[in-house]
Every structure is written in structure tokens, then in C-alpha cells.
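A quick note: this is a predicted structure, and the numbers were derived from the prediction, not measured. Only heavy atoms go into these numbers, but all of them, side chains included; no hydrogens, no water, no symmetry mates.
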Protein chains: 2
Amino acid sequence: MSTSATIQPVTRWLSAEEQRAWLAWLGATELLMGSLDAQLQRDAGFPHAYYAILAQLSHAPDRTLRMSDLAGVVNASPSRLSHAVGKLEERGWVTRSPSTCDKRSTMCTLTDAGFDVLAEQAPGHVEAVRKHLFDALTPEQVGQLEQICNAVLDGLDPSGSCRR
Amino acid sequence: MSTSATIQPVTRWLSAEEQRAWLAWLGATELLMGSLDAQLQRDAGFPHAYYAILAQLSHAPDRTLRMSDLAGVVNASPSRLSHAVGKLEERGWVTRSPSTCDKRSTMCTLTDAGFDVLAEQAPGHVEAVRKHLFDALTPEQVGQLEQICNAVLDGLDPSGSCRR
DNA sequence: CATGTCTGTTTGAACACTCAACCAGTTGGG
DNA sequence: CCCAACTGGTTGAGTGTTCAAACAGACATG
């Protein structure tokens, strides 16, 4: 062993190809999410994070989810979710009720008014997702994208809370 | 013409595969950017958007870029960039000066202190990007990711400002 | 050379998110 | 039992982003 390279490793910079991929990913994610946020803000008056909360609740049994489970499926911190649900509750789209089995937990339920708002906004939102993402990709690329994102999720989200 | 389907099209919902890809993309982007933001906030005291500004300036001739050009390469709105550069200027990492050729424009320059901060934070940041993204992907997937993101960018960013 | 329009940038208010601190309920040993 | 450690959730302060409005300089058209 003649060098210290293995003991004090220097930074492994990105290769030219990795740099291109990284800049493209940054641009695509920021512009895509920015575009979806702008569309929802304009048409519905709330950001994509709020839409995700309503959408996940609408698929849950009794349209109800425990706060921490809801936080898991929408990739939100407890604090962020608490603030967001507070706003949604003010507008009458969800309600909060204490859980009966574990008195620490809070259950969050989508109201009929919330369901109506979601039903009203879903077509426009889905159309935007399709237009900006799936219309730009071949069917093979959709499969590749899913595999790539799941590989990234495996490293970041060991519990796998956002994959069904 | 017997139906109105072609005149009043119904929503084309996402297929099962598209839904899986969409949820995976949402999870991967949010968790990855969240993780990078947290790492930079903890180690450097500023978010990824600020890092991007410093990094892009460091590659520019004279470490200087016009505000609107800088906004283009970091995918920021003019307003967002103006606020962010204001904060960076307070900390002494960039300076603003009026452009000589077009008196409407403002030139933004990375200071030596700003360069030092960037040099200090770059290894940790690159390591985080590598760890959470590229270490999870095969070389083929890196290429696929670049093509996918560029396809998305073609639809969202006609001017191509974030691809050199 | 006047005037309307467009471009580049900044500003302030409204809003969303983060972080750290906190409170209440639960759990598992002494 | 009792108490410490942990879990689920909320809160408020601080910070970043968005949106609409404003403003100055450039440009073009009559």
C-alpha cells in the first residue's frame, strides 16, 4: 500500500454523463413540478401537495387515514402535513377526529365537499401530468422511469411507504 | 357522426403502469430533493437553490452572469432569483452591479468568499447526489434518465436554457 | 422625437415549508 | 405501580417561494 488514497478518499466528482443527467433531472423535476403547481394554483387555488392529500384520502377506506400514515403516502413531514390539513379543514374539505384505539392518533377524513373539489380538479390535473410527462415519453421510457425511481426510492425510503 | 366523444373528450386517465411510474417519480423527486436540501441546510446553512446559484456563477466567465441568464440556468423565476441573490449578497457571497451595455440589466458576480463557501460545500453535496442517485442506478439507467429528462424538458423549456 | 410597448428587475404581501420545542398518550422495565 | 423512553401530533418562529404590481430603460412606429 503505497498511497493514502484509500484511507483519505478525495471527492469522486461526477462524470460528464452524470453531470448531464443530473442537470437534466434538476431541470425536469423543477419545471414539471412548477408547471403542475401553477396549473393547480390557477385552477383550484391550492398547490400540488394539497391535491395529493385529497387524492390519497379519496382512495382510502372510509376516505379516512391516520395522520402519520397519510404523511407517509404523500411524502410529507408530520409538521408539514399538520399545517396543510389545518388549511384544508378551514376550507371544509377534510375533518380531523381523535382515534378511538390509540388516543394519540388523529384520523383525517375527506368530506363530501372535499371529494367534489377533487372530482372537479382531477381531469385538469391528470391532463397536465399526461401532457408534460407521459406524452413526451415512449412506453419503454415509462417503464424505465418507474424502475429508476423505484431504485432511488429503495435507497431513500426503506419502509416503502409510497409504493402502494 | 353518432357520438359527441370526439367533440367533448372525456378525461384520459392514467393506466396502471403510468400511475405506478407517476407515484414513483413523485416519491423519488420529493425525497431526493428533500434529502439534498436537508444535507445542505445542515452543513452549509442554505438550501439547494442557493447552492445552484453559486455553482452556476462559478462556471461562468468572470464568475459573472446577467440576472435573467442566471435565472434561466437555475430554473428560477426572476422574483425568486432576486430574493435569493439579495440574501446571498447580505452574506457577502455575491455582488450586484449594473450592466454597462444594457442599463436595465443587473450583473451578478461570485465573490472570493462565495467561491470559498462553494469549494467547502461541494464535496459533501456531490457525495450526497452520488449516494442517493447515481449509486442506485446502473450505467444504462443513467443514460435512460438523461434521455427521459431531456424529453420532458423539450416540452417544458423550449428555449433549452438549462442544457448548456 | 414623441409615445406606446416590451424587457429586465425589484418589491411587498400572502402563503407553504422547515426546524425545534412541546404536549399527550403509550409502552416496558424496575 | 411508577417512571423513563418512545410515539403521534401540534405549534410558532424563521425562511423561501409565489404572485401581482411597480418601475426604469430599450425599442419601434408613426
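When atom types are taken as modelled, the side chain of B:Arg130 and the backbone of A:Trp13 share a donor-acceptor pair closer than 3.5 angstrom.
When the side-chain nitrogen and oxygen atoms of B:Arg96 are compared with OP1 and OP2 of C:dT10, one or more of them lie within a distance under 4.0 Å. The shortest distance between the side-chain N/O atoms of A:Ser105 and the OP1/OP2 oxygens of C:dG25 is not below 4.0 Å.
Residue B:Ser82 has its side chain nearest to C:dT11 when only C:dG8, C:dT11, C:dG25 are considered. Residue A:Ala49 places its side chain closer to C:dC17 than to any other of C:dC17, C:dA16, C:dA20.
One cannot find a donor-acceptor pair under 3.5 Å joining the base of C:dT10 and the side-chain atoms of B:Thr106.
Between A:His48 and B:Trp22, the ring planes lie perpendicular to each other; the angle is over 60°, past the 30° to 60° tilted range. Classified by interplanar angle (parallel below 30°, tilted 30° to 60°, perpendicular above 60°), the ring pair B:Trp93/B:Phe46 is perpendicular.
Between the side chains of B:Ser105 and B:Ser99, no donor-acceptor pair of N or O atoms lies under 3.5 Å.
When rounded to the nearest whole Å, the span between CG of B:Leu88 and C1' of C:dT10 equals 16 Å.
Of all nucleotides in DNA chain D, those with any atom nearer than 4.0 Å to a heavy atom of chain B start and finish, going 5' to 3', at D:dG16 to D:dA26.
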If you apply the rule side chain to side chain donor-acceptor pair (under 3.5 Å), what do you find for A:Thr138 with A:Glu140, and how did you get there? CA-CA 5 Å; A:Thr138 66; A:Glu140 295 84 36; 3.3 Å; yes
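For the pair A:Asp37 and A:Arg42, the salt-bridge criterion is not met [side-chain N within less than 4.0 Å of a carboxylate O].
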